[in-house]
Q: 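The following block contains the structure, expressed as structure tokens.
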Amino acid sequence: MKRYKRKDYIGLLYISPWIIGFLLFKLYPFIMSFIYSFTEYSITGTPAFSGLSNYIYAFTKDRLFWTSFFNTLLYVVMTVPMKLAFALIVAMILNMKIKGVNIFRTIYYLPSIFGGSVAVSVLWRFLFMKDGIVNKFLSIFNIGSVDWLGSPDIALFTVSLLAVWQFGSSMVIFLAGLKQIPNELYEAALVDGASRARRFFSITLPMLSPVLFFNLVMQTINAFQEFTGPFVITAGGPMNSTYLYSMLIYDNAFKYFRMGYSSALSWVQFLLIMVVTIIIFKTSSSWTYYEDGGQSI
Amino acid sequence: MNDLKKINVSIIFTYIFLIAFALLMVYPLLWVVSASFKPNEDIFKSLNLIPSRVVTDSYINGWKGTGQYTFGRFFLNTFIMVVPTVIFTVVSSTVVAYGFARFNFPFKKVLFALMISTLMLPDSVILIPRYILFNRFGWLDSYKPFIIPALLATAPFFVFMMVQFLRGLPKELEESAVIDGCNSFQILLRITIPLCIPAIISMAIFQFIWTWNDFLNTLIYINSVSKYTVSLGLRMSIDATSVVNWNQIMAMTVISMLPCIVIFFSAQKYFVEGIATTGLKG
């Protein structure tokens with residue numbers, strides 16, 4: 001048993017703001033949303049216990065539940081790999097000894113600073129209008145005008161392009177990771193006559209895998225919660241094709257004030273994110289490589 | 001000789017690709033700036049970024065807004081919300097990180113693991129009870145839902161970032177201060193914080209930009225137009241403006257991006273360092 005000195009307890013004093021914040025603004029809401037999810041609760045009344053009815057309603061009756069559920073899955077599957085692939089490819093090019101790396105890095109990073117702001121969503125809406133500037137650009141190559149935001153088949157893709165455009169922060173993380181790979185590994189591989197592809201798959205990818213893992217987890221969690229883009233660009237349309245899960249939660253909570261039902265929805269989302277994260281974690285042991293054998297994780 | 005040629009050609013192609021891609025990346029941003037100076041009928045006419053005739057009344061009229069309140073009001077509101085949030089986040093996160101990084105108190109491992117786990121806790125799962133809680137506190141339609149949680153180090157990302165930074169600092173200076181009879185708070189104030197300035201700047205920049213761009217939370221918590229932030233004001237104007245006044249919307253879009261752009265270009269170094277340290281040393 002470890003003995004603590006008086007001096008050690010001072011540490012608790014320093015972290016006390018976080019303890020209060022954690023209990024009040026993280027743990028308490030977390031538990032309450034679980035409890036509310038079993039109740040019928042409009043914000044004016046008091047919560048009335050209703051068993052599993054919210055969950056049953058979501059899975060069996062609410063058509064928008066499955067629509068938004070699959071839209072969101074599709075959105076995640078489209079944005080995360082595209083974003084990470086762009087980030088990795090561009091980071092690898094920038095990692096070659098070329099001049100002006102800083103300028104390119106700055107330019108590629110620039111769109112990321114606007115995050116999920118209304119401004120970039122407004123911008124997207126104008127760029128991809130039927131007679132907007134993207135179609136004008138395509139017409140140079142004799143490609144007919146595409147209804148980017150009006151067609152239910154491609155509207156979600158158009159919205160997800162906004163997230164892909166903001167690959168900058170993943171790129172910077174990759175770039176920092178690439179810098180850490182010792183050059184000797186590549187030199188040794190060159191001596192052994194390893195091809196470019198071989199060097200990528202046998203050195204770069206394994207050495208970069210912890211960083212890739214981190215990016216994958218964080219981007220996936222974020223993508224599942226996307227809200228501003230589809231809300232501002234398409235308002236969920238056309239024909240609910242860009243209606244994402246977080247919009248379903250928002251509508252139920254703040255349009256219809258069904259606090260119990262939307263809590264249940266948020267728990268379904270939370271569990272879904274957990275399951276996906278756990279899958280990434282579990283499979284990661286087979287594809288991530290840690291120099292210290294994973295001690296630091 | 002042949003080899004040298006091959007390398008040169010591939011370098012040239014790399015540069016062409018990088019430049020073309022850079023143009024593609026910034027074109028939307030350049031376009032919105034140029035469109036804000038174009039007459040309405042010209043905006044969608046061509047890809048050309050140079051306006052045939054420069055107009056500035058888009059900015060003047062856009063700034064006036066569509067209702068009772070001008071964008072000046074929305075800007076002021078956003079600053080009233082963002083500045084305290086940033087200051088409180090920086091102070092609280094630094095103090096808490098100092099506690100985690102420099103002391104060995106009971107349950108430290110558990111508490112630290114809890115802090116890290118909230119890093120991955122999706123905000124949406126706590127959104128509704130938090131709204132109900134803030135409603136009970138009477139905080140709705142004010143900036144308190146942003147400012148007060150910031151005081152309590154509720155952004156685990158920044159606490160984590162500071163802990164990582166503190167762990168990388170040499171401890172000798174702090175140890176010699178102990179010998180000189182300084183208490184831990186004096187050490188934090190006089191020695192640790194001055195050494196943390198780069199990390200503190202990164203933190204302030206990120207929190208500024210994230211709070212500035214925040215839409216969902218402002219949408220939920222702020223109801224009266226007199227308290228609208230720039231995000232809410234911009235959204236209101238795209239809904240309200242008749243379809244003809246495109247350049248006014250473009251102008252206000254540009255204006256709303258401006259603070260982030262200014263900060264980005266004046267503090268680029270801290271951006272990259274901030275992302276790299278938090279992203280990597282996990």
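Lettering follows sequence order; numbering is per chain, from 1.
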Q: Is the backbone N or O of B/Y131 less than 3.5 Å from a side-chain atom of B/N135, with the two atoms forming a donor-acceptor pair by type?
A: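 Checking the backbone N and O of B/Y131 against the side chain of B/N135, no donor-acceptor pair under 3.5 Å is found.
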
Q: Does any backbone or side-chain atom of A/L94 lie under 4.5 Å from a heavy atom of chain B? Answer side chain, backbone, both or neither.
A: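 Interface part for A/L94: side chain.
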
Q: When heavy-atom pairs shorter than 4.5 Å are enumerated against chain B, which of A/Y108, A/Y28, A/F174, A/F270 gives the highest number?
A: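 Sorted descending by pairs with chain B, the first entry is A/Y108.
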
Q: Please tell me whether A/Y256 and A/Y261 form a close aromatic pair, meaning their ring centres lie under 6.0 Å apart.
A: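 That pair fails the under 6.0 Å test.
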
Q: For A/Y245, is it the side chain, the backbone, both, or neither that has a heavy atom closer than 4.5 Å to a heavy atom of chain B?
A: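 Neither part.
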
Q: Measure A/I221 against the heavy atoms of chain B and call it side chain, backbone, both or neither at under 4.5 Å.
A: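 A/I221 touches chain B through side-chain heavy atoms alone.
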
Q: With a 4.5 angstrom heavy-atom cut-off, is it the side chain or the backbone of B/L18 that approaches chain A, or both, or neither?
A: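 For B/L18, the contact with chain A is made by backbone and side chain together.
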
Q: Given 3.5 Å as the limit, does a donor-acceptor pair link the side chain of A/S263 with the main chain of A/I35, or not?
A: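 Here the side-chain-to-backbone pair does not exist.
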
Q: Among A/Y14, A/F231, A/F227, A/F34, which has the most heavy-atom pairs under 4.5 Å with chain B?
A: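 The residue among A/Y14, A/F231, A/F227, A/F34 with the greatest pair count is A/Y14.
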
Q: Checking A/V134 against chain B: side chain, backbone, both or neither under 4.5 Å from a heavy atom?
A: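 Contact with chain B involves no heavy atom of A/V134 at all.
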
Q: Check each atom of A/F86 against the heavy atoms of chain B and say whether the ones under 4.5 Å are side chain, backbone, both or neither.
A: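 Side chain of A/F86 only, per the 4.5 Å heavy-atom cut-off to chain B.
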
Q: More than 12 heavy atoms of other residues, nucleotides or ligands under 6.0 Å from CZ of B/F137: is that the case?
A: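 Yes, because the 6.0 Å sphere around CZ of B/F137 holds more than 12 heavy atoms from other groups.
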
Q: Nearest 0.5 Å, what's the OG-CG distance between A/S145 and A/D131?
A: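 A/S145 atom OG to A/D131 atom CG measures 8.0 Å (nearest 0.5 Å).
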
Q: Taking A/A253, A/S262, A/G115 one by one, which has the highest count of heavy-atom pairs under 4.5 Å against chain B?
A: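 It is A/S262.
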
Q: Which one wins on heavy-atom pair count under 4.5 Å against chain B: A/Y9, A/F114, A/Y41, A/F30?
A: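 Highest number of heavy-atom pairs under 4.5 Å: A/F114.
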
Q: Ring centres under 6.0 Å, that's the criterion: do B/W31 and A/F137 meet it?
A: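 B/W31 vs A/F137: aromatic centres not under 6.0 Å.
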
Q: Please check if the distance between the ring centroids of B/F100 and B/F160 is under 6.0 Å.
A: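 Judged by ring-centre distance (under 6.0 Å), B/F100 and B/F160 do not meet the cut-off.
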
Q: Would a distance-only check, ignoring hydrogens and angles, find a side-chain to backbone donor-acceptor pair under 3.5 Å from A/T228 to A/G116?
A: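 Yes; judged by distance alone, with no hydrogens or angles, the pair exists.
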
Q: Between A/F213 and A/F281, how do the two ring planes meet: parallel, tilted or perpendicular, split at 30° and 60°?
A: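 It falls in the perpendicular class, over 60°.
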
Q: Taking all non-hydrogen atoms of both residues into account, name the closest pair between B/S124 and A/S266 and its distance.
A: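 Nearest pair, atom of B/S124 first, then A/S266: O-CB, 3.6 Å.
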
Q: Non-hydrogen atoms of chain B under 4.5 Å away: do they reach the side chain of A/L12, the backbone, both or neither?
A: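 Contact with chain B is through both the backbone and side chain of A/L12.
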
Q: Please report the shortest heavy-atom distance between A/S121 and A/L162, naming the atom on each side.
A: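 Residues A/S121 and A/L162, closest heavy atoms: OG-CD2, 4.0 Å.
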
Q: Can you tell which part of A/Y36 gets under 4.5 Å to a heavy atom of chain B, answering side chain, backbone, both or neither?
A: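 Only the side chain of A/Y36 comes within 4.5 Å of chain B.
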
Q: Is B/I205 close to chain A through its backbone or its side chain, or both, or neither, when contacts mean heavy atoms under 4.5 Å?
A: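 No part of B/I205 comes within 4.5 Å of chain A.
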
Q: Taking side chain as everything from C-beta outward and backbone as N, CA, C, O, which of these in A/K99 sits under 4.5 Å from a heavy atom of chain B? Side chain, backbone, both or neither.
A: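 Its backbone and side chain both get close to chain B.
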
Q: Go through B/S231, B/G99, B/P122 and name the one with the most non-hydrogen pairs under 4.5 angstrom from chain A.
A: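 Counting heavy-atom pairs under 4.5 Å, the top option is B/P122.
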
Q: Counting only non-hydrogen atoms closer than 4.5 Å, does B/F185 touch chain A with its backbone (N, CA, C, O), its side chain (CB onward), both, or neither?
A: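 Both parts, backbone and side chain.
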
Q: Do you know which of B/V26, B/V159, B/L216, B/D123 has the most heavy-atom pairs under 4.5 Å to chain A?
A: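 Top option by heavy-atom pairs under 4.5 Å: B/L216.
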
Q: Once rounded to the nearest 0.5 Å, what's the spacing between atom CG of A/L244 and atom CD of A/E226?
A: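 These two atoms lie 7.0 Å from each other.
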
Q: Mind ranking B/L29, B/V96, B/I220, B/T154 by heavy-atom pairs under 4.5 Å with chain A and telling me who comes out on top?
A: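 Ranked by contacts with chain A, first place is B/V96.
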
Q: Mind ranking A/L110, A/I140, A/I20, A/I273 by heavy-atom pairs under 4.5 Å with chain B and telling me who comes out on top?
A: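 Between A/L110, A/I140, A/I20, A/I273, the count favours A/L110.
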
Q: Between A/F104 and B/F21, does the ring centre distance come in under 6.0 Å?
A: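 That pair fails the under 6.0 Å test.
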
Q: With respect to chain B, which residue among A/W124, A/F126, A/F22 yields the maximal number of heavy-atom pairs within a distance under 4.5 Å?
A: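 Looking at each of A/W124, A/F126, A/F22 in turn, A/F126 comes out on top.
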
Q: In terms of heavy-atom proximity below 4.5 Å to chain B, should A/M274 be classed as side chain, backbone, both, or neither?
A: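 No part of it gets close to chain B.
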
Q: Between B/L121, B/I148, B/D214, which shows the greatest number of heavy-atom pairs under 4.5 Å with chain A?
A: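 Of B/L121, B/I148, B/D214, B/L121 has the most heavy-atom pairs under 4.5 Å with chain A.
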
Q: Tell me which of these, B/L114, B/I209, B/L151, has more heavy-atom pairs under 4.5 Å with chain A than the rest.
A: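 Highest number of heavy-atom pairs under 4.5 Å: B/L114.
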
Q: Would you mind telling me which of B/L219, B/I263, B/L232, B/L119 has the largest number of heavy-atom pairs within less than 4.5 Å of chain A?
A: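 Top option by heavy-atom pairs under 4.5 Å: B/L219.
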
Q: CE of A/M32 to CD1 of B/I132: how many Å apart, nearest 0.5 Å?
A: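 Going from CE on A/M32 over to CD1 on B/I132, the span is 7.5 Å.
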
Q: Contact part of B/M252 toward chain A, heavy-atom cut-off under 4.5 Å: side chain, backbone, both or neither?
A: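 Neither the backbone nor the side chain of B/M252 comes within 4.5 Å of chain A.
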
